[in-house]
2 protein chains.
Amino acid sequence: MTATPSTARQDPPEAGYLRLDQQICFSLNAASRAFGSVYRVLLKDLGLTYPQYLVMLVLWEHGELPVKALGQHLRLDSGTLSPLLKRLEAAGLVRRERSARDERSVRVHLTDEGAALRERALLVPRRIAAATGFGLDEISELRERLDRLTDALDAAATAEGQDGVDPR
Amino acid sequence: MTATPSTARQDPPEAGYLRLDQQICFSLNAASRAFGSVYRVLLKDLGLTYPQYLVMLVLWEHGELPVKALGQHLRLDSGTLSPLLKRLEAAGLVRRERSARDERSVRVHLTDEGAALRERALLVPRRIAAATGFGLDEISELRERLDRLTDALDAAATAEGQDGVDPR
DNA sequence: CCCCATTTGATTGTGCACAACTAAGTTGTG
DNA sequence: CACAACTTAGTTGTGCACAATCAAATGGGG
């Protein structure tokens, strides 16, 4: 039986993959959470969490959007956005109102207070960039790779979801 | 009044940063969640979530660890691990027992069922690697950058936490 | 007009991440 | 020994992510 419970016996190439595999997804996860910690500190002054900050970024850029479009920009669904938007509304930063044209749609727009918050948020990116210690081009290249990775994973996920559909 | 509610007026270099800034952290976040979707599908057969899978990876590698050490490997604290480990224990994959030497410490180790699960998990990494569409060296390079990024962010976060302490 | 598929949000339930706090055990010092 | 400082897990509360489900509104055929 021995004390070492794993990595015994044959352990073909799989085992190496297993380690590598942990590395990439784990590194990604860890980097994402490390970003979260830094943002948490910087955004506390603004009274925003990081996902709320992302929503505000989109609204600052586009002004006013239905929940659906907001979710498409952020890759988030209503299950995540609905409570988040309610908290932003409770904080007085956004308002939600049913579209008159289509009663199913809820348009989210900034309050004056929400729009004004942008001025203070302008200071954030520079401090984040400084915290990464990366140059602009290095960030840009990393971003390009991550986006490519995301696209590949999304494609794989949907293909995996319907598995071997072979839709003729 | 104009339709575009923001990005008007002066918008100095800050605005460009703001956009770039969103890109890198958002890309990271999106990639992390995209990975989550792919893992979710692959791990469903094993009855594991992705964070549970990470815990099992560490246990398969090290055999048996106190909660503290597990958390250091995964960058997670007891607030996250305690309920997660309870779920793994309820699933019959691990056991938790107080160390006799130090009653504060809880050692987590694999059950036979948990150890056996490794065989089925060996299939996962290859499918993940395939889903990324990345080569091994490209994955390796990306991982290196992400780890460097995480280190820089961690350093910035702790420095930020005590802010301008100037501890004399 | 009525029926039905689709679209859009909201709700519910599960699980993770993390801060703040508590409880119990351990260690060092007088 | 007594006692304070520290360590290790656990608990509680808040918020995000996502699957599943529901309800309301819309729009297109019969």
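Lettering follows sequence order; numbering is per chain, from 1.
Side-chain atoms of B:Leu59 and B:His109, non-hydrogen and from C-beta on, never get closer than 4.5 Å to each other. Side-chain contact between A:Asn29 and B:Tyr50: present, with at least one pair of heavy atoms (C-beta onward) separated by less than 4.5 Å. Residues A:Thr150 and A:Asp154 have side chains in contact (heavy-atom distance under 4.5 Å, counting atoms from C-beta outward). Between A:Arg75 and B:Arg33, the closest side-chain pair of non-hydrogen atoms falls below 4.5 Å. In this structure, the side chains of A:Val94 and A:Met56 come closer than 4.5 Å at one or more pairs of heavy atoms.
By the salt bridge (charged side-chain N to carboxylate O under 4.0 Å, His left out) test, B:Arg98 is found to be paired with no residue, residues two or more places apart in sequence or in another chain being considered.
With salt bridges taken as basic N to acidic carboxylate O contacts below 4.0 Å, none links A:Asp45 and A:Arg127. Salt bridge status for B:Arg95 with B:Glu64: absent, with no side-chain N to carboxylate O gap under 4.0 Å.
Taking atom CG on B:Leu48 and atom P on C:dG15, their separation rounds to 12 Å, with Å as the unit. C:dG9 atom P lies 15 Å from atom CG of A:Leu84, rounded to whole Å. What separates CZ of B:Arg40 from C1' of D:dA20 is a distance of 13 Å, to the nearest Å. In this entry the distance linking CG of A:Leu74 with P of C:dG9 reads 13 Å, nearest Å. Atom-to-atom, OH of A:Tyr50 to P of C:dC18 comes out at 14 Å; the value is rounded to the nearest Å. We find that CZ of A:Arg101 is positioned 13 Å from C1' of D:dG27, with the value rounded to whole Å. Atom pair A:Glu103:CD and C:dA10:P shows a separation of 13 Å (rounding to whole Å applied). One can place CG of A:Leu70 at 14 Å from C1' of C:dT8, the figure rounded to the nearest angstrom.
Counting any heavy atom pair closer than 4.0 Å across all strands shown, A:Thr49 reaches sugar-phosphate atoms only and no base atom.
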Pairs: protein N or O with nucleotides 8-10 of chain D N or O, under 3.5 Å:
{"residue": "D:dA9", "atom": "OP1", "partner": "B:Val67", "partner atom": "N", "Å": "3.3"}
{"residue": "D:dA9", "atom": "OP1", "partner": "B:Lys68", "partner atom": "N", "Å": "3.3"}
{"residue": "D:dA9", "atom": "OP1", "partner": "B:Ser105", "partner atom": "OG", "Å": "3.4"}
{"residue": "D:dA9", "atom": "OP2", "partner": "B:Lys68", "partner atom": "N", "Å": "2.9"}
{"residue": "D:dG10", "atom": "OP1", "partner": "B:Arg96", "partner atom": "NH1", "Å": "3.1"}
{"residue": "D:dG10", "atom": "OP2", "partner": "B:Ser82", "partner atom": "OG", "Å": "3.0"}
{"residue": "D:dG10", "atom": "N7", "partner": "B:Ser78", "partner atom": "OG", "Å": "2.8"}

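When atom types are taken as modelled, the side chain of A:Ser82 and the backbone of A:Ser78 share a donor-acceptor pair closer than 3.5 angstrom.
When distances are taken from the side chain of B:Asp77 to each of D:dC18, C:dA19, C:dT26, the shortest belongs to C:dA19.
Checking C:dG30 for Watson-Crick or G-U wobble geometry (two distances, each under 3.5 Å) identifies D:dC1 as its partner.
A heavy-atom distance below 4.0 Å to DNA chain C is reached by these residues of residues 28-37 of chain A, ordered by number: A:Arg33.
Nearer the 5' end of DNA chain C, as judged by each residue's closest nucleotide, is the contact made by B:Pro83, out of A:Lys44 and B:Pro83.
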